[in-house]
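Have a look at the structure below before the remarks.
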2 protein chains.
Amino acid sequence: MIAIGEAARASGVPVETIRYYERAGVVAKPRRTASGRRVYAPEDVAALRFIRRCRDLGFSLEDAVALRGLARDPKGACDAAGRVAGQHRAKVRDKIADLQRLDAALSELVANCDRGQHDCPMLHQLMAGPDPRAKG
Amino acid sequence: MIAIGEAARASGVPVETIRYYERAGVVAKPRRTASGRRVYAPEDVAALRFIRRCRDLGFSLEDAVALRGLARDPKGACDAAGRVAGQHRAKVRDKIADLQRLDAALSELVANCDRGQHDCPMLHQLMAGPDPRAKG
DNA sequence: GTTGCTTCTGTAGCCACTACAGGTTGCAGG
DNA sequence: CCTGCAACCTGTAGTGGCTACAGAAGCAAC
């Protein structure tokens with residue numbers, strides 16, 4: 001039974017974020033002392049740590065809550081968890097691909113730059129580049 | 001001299017976003033008709049298109065505004081623009097690296113999953129994984 | 001004149017926090 | 001017992017870059 005500051009240290013979740021999680025319904029409301037201070041049991045700390053690990057892996061809070069639910073459920077949780085993680089990984093890979101396209105486009109633009117030219121080819125490209133329809 | 005809807009079509013920036021850009025000081029306030037409707041000149045549309053291309057390349061609005069300023073300035077703009085773009089590309093690459101680490105971690109976790117096991121190794125890992133100090 | 005599209009202002013919501021302001025509690029030292 | 005200070009409390013506003021309304025008004029065509 002520890003205070004919020006110690007729970008923060010033990011879970012790796014900042015104090016303000018713990019309170020935010022409580023407000024947002026991500027974790028259960030902990031008990032309080034007579035004076036109104038939050039008091040955390042070991043399982044509350046475990047929940048916070050679980051959420052933090054999910055967040056470190058890029059899962060949304062919604063996914064994190066779902067995974068936490070699955071972790072309690074002994075039946076068929078592995079399949080479901082695998083599906084959640086698989087979908088998340090697919091999104092991560094999509095984003096990597098997007099960023100790699102961005103990197104390539106930026107590299108092409110920057111390549112002809114920074115040589116002190118009169119007319120900047122990058123700025124020219126930005127002014128006259130792809131038309132609105134070709135957005136992708 | 002066109003209305004906002006046509007400016008949106010011509011620039012590829014949605015109407016609501018154009019108004020948001022105006023509020024946020026990203027683009028200059030356009031003239032108005034007697035009844036208060038916004039009226040856009042070709043150079044206003046060009047500015048919107050410029051901002052949109054910057055956004056498509058992942059630049060922040062702040063960078064987009066800076067680049068637009070440089071595009072007007074004939075002196076030394078290329079160097080400065082190259083620096084802005086170079087820094088942005090570095091951030092993009094950092095993010096790619098982050099996401100690739102995420103992808104690897106997720107792949108490892110998912111690998112032993114989705115086989116209908118009794119105890120899900122991924123959920124176990126999330127419950128007992130890296131401690132709060134080893135956050136990176 | 002009336003239908004229906006466009007435009008107007010203003011505000012709230014998204015995500016996941018983060019950072020206050022302004023007050024209370026708890027504990028240690030003197 | 002008093003002082004001082006850290007930790008805690010609630011509530012609210014801000015971040016970025018939109019997006020989505022509500023409710024009113026203008027404008028063109030039939």
Side-chain angles (χ1 to χ4, degrees), chain A residues 1-27 29-40 44-45 47-48 50-68 88 91-92 95 98-99 102 132 135, chain B residues 1-27 29-40 44-45 47-48 50-68 88 91-92 95 98 102 135:
Chain A
M1 286 308 196
I2 57 179
I4 194 170
E6 211 178 330
R9 249 166 280 130
S11 67
V13 179
V15 168
E16 305 263 26
T17 303
I18 294 176
R19 288 198 280 247
Y20 163 70
Y21 284 173
E22 187 186 325
R23 261 200 320 282
V26 170
V27 295
K29 295 188 178 188
R31 267 166 275 167
R32 301 281 186 133
T33 65
S35 68
R37 297 188 166 204
R38 291 170 182 83
V39 169
Y40 293 86
D44 297 328
V45 175
L48 287 168
F50 187 97
I51 299 292
R52 184 185 60 74
R53 288 197 197 102
C54 291
R55 297 289 301 126
D56 287 350
L57 287 165
F59 285 104
S60 67
L61 279 178
E62 197 184 338
D63 279 356
V65 170
L67 289 172
R68 176 94 184 121
H88 174 49
K91 276 186 202 163
V92 168
K95 198 167 263 175
D98 285 353
L99 289 175
L102 233 58
K135 197 185 173 184
Chain B
M1 286 307 195
I2 58 180
I4 194 169
E6 209 178 331
R9 250 167 280 131
S11 66
V13 180
V15 168
E16 305 263 24
T17 304
I18 294 177
R19 288 198 280 246
Y20 163 71
Y21 283 174
E22 187 186 325
R23 263 200 319 281
V26 169
V27 295
K29 294 188 178 189
R31 266 167 274 170
R32 300 283 186 132
T33 64
S35 68
R37 298 188 166 205
R38 291 170 181 81
V39 169
Y40 293 86
D44 297 328
V45 174
L48 287 168
F50 187 97
I51 299 293
R52 184 185 59 77
R53 287 196 197 103
C54 291
R55 296 290 301 127
D56 286 350
L57 286 165
F59 285 103
S60 66
L61 279 178
E62 198 184 337
D63 278 356
V65 169
L67 289 172
R68 176 94 184 122
H88 174 50
K91 276 186 201 160
V92 168
K95 198 167 263 176
D98 285 353
L102 233 58
K135 197 185 172 183

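In what follows, every chain begins at residue 1, and chains take the letters A, B, ... in the order their sequences are listed. What's counted below: heavy atoms across the whole structure, side chains too, no hydrogens, waters or symmetry copies. Every value quoted in this text rests on a predicted model; they were computed, and no experiment measured them.
- Atom-to-atom distance recorded for A:K91:NZ and A:S60:OG is 7.0 Å, nearest 0.5 angstrom.
- To the nearest 0.5 Å, atoms CZ (B:R55) and CG (B:L61) are separated by 5.0 Å.
- If you check every strand for non-hydrogen atoms under 4.0 Å, B:F59 touches nothing.
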Measure all distances between protein nitrogen or oxygen atoms and nitrogen or oxygen atoms of nucleotides 13-15 of chain C, and list the pairs falling under 3.5 Å.
none

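- Considering only heavy atoms from C-beta on, A:I51 stays 4.5 Å or farther from A:V13 through its side chain.
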Sugar-phosphate or base contact per nucleotide [nucleotides 19-26 of chain C; S, B, -; heavy atom under 4.0 Å]: BB----BS
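- With rounding to the nearest 0.5 angstrom, the CG atom of B:L57 is 11.5 Å from the CG atom of B:D63.
- Rounded to 10°, the angle separating the first-five-pair axis and the last-five-pair axis of the helix from C:dG1-D:dC30 to C:dG30-D:dC1 equals 20°.
- Judged as a side-chain hydrogen bond (donor to acceptor under 3.5 Å, both in side chains), the pairs with a partner in residues 12-23 of chain B (not counting sequence neighbours) are, in order, B:E22-B:R38.
- To the nearest 0.5 angstrom, B:S11 atom OG is 8.0 Å from B:I2 atom CD1.
- One finds the CG atom of A:L102 at 10.0 Å from the NZ atom of B:K95 (value rounded to the nearest 0.5 Å).
- Every side-chain hydrogen bond (donor to acceptor under 3.5 Å, both in side chains) that A:T33 has, sequence neighbours left out, goes to A:S35.
- Closest approach of A:V45 to A:A10, counting heavy atoms only: CG1-CB, 3.8 Å.
- Scanning all heavy atoms of the two residues, the minimum distance from A:C54 to A:A64 falls at CB-CB, 3.6 Å.
- If you walk DNA chain D from 5' to 3' and mark each nucleotide with an atom closer than 4.0 Å to a heavy atom of chain B, the marks span D:dG17 to D:dC27.
- Within the 4.5 Å cutoff, the side chain of A:D44 has no heavy atoms near those of the A:V27 side chain.
- Backbone-only engagement by B:A3 is indicated by non-hydrogen atom pairs under 4.0 Å involving sugar-phosphate atoms exclusively.
- Atom P of nucleotide C:dT7 and atom CD of B:E22 are separated by 14 Å, given to the nearest angstrom.
- Rounding to the nearest 0.5 Å gives a distance of 6.5 Å between CZ of A:R68 and CZ of A:F50.
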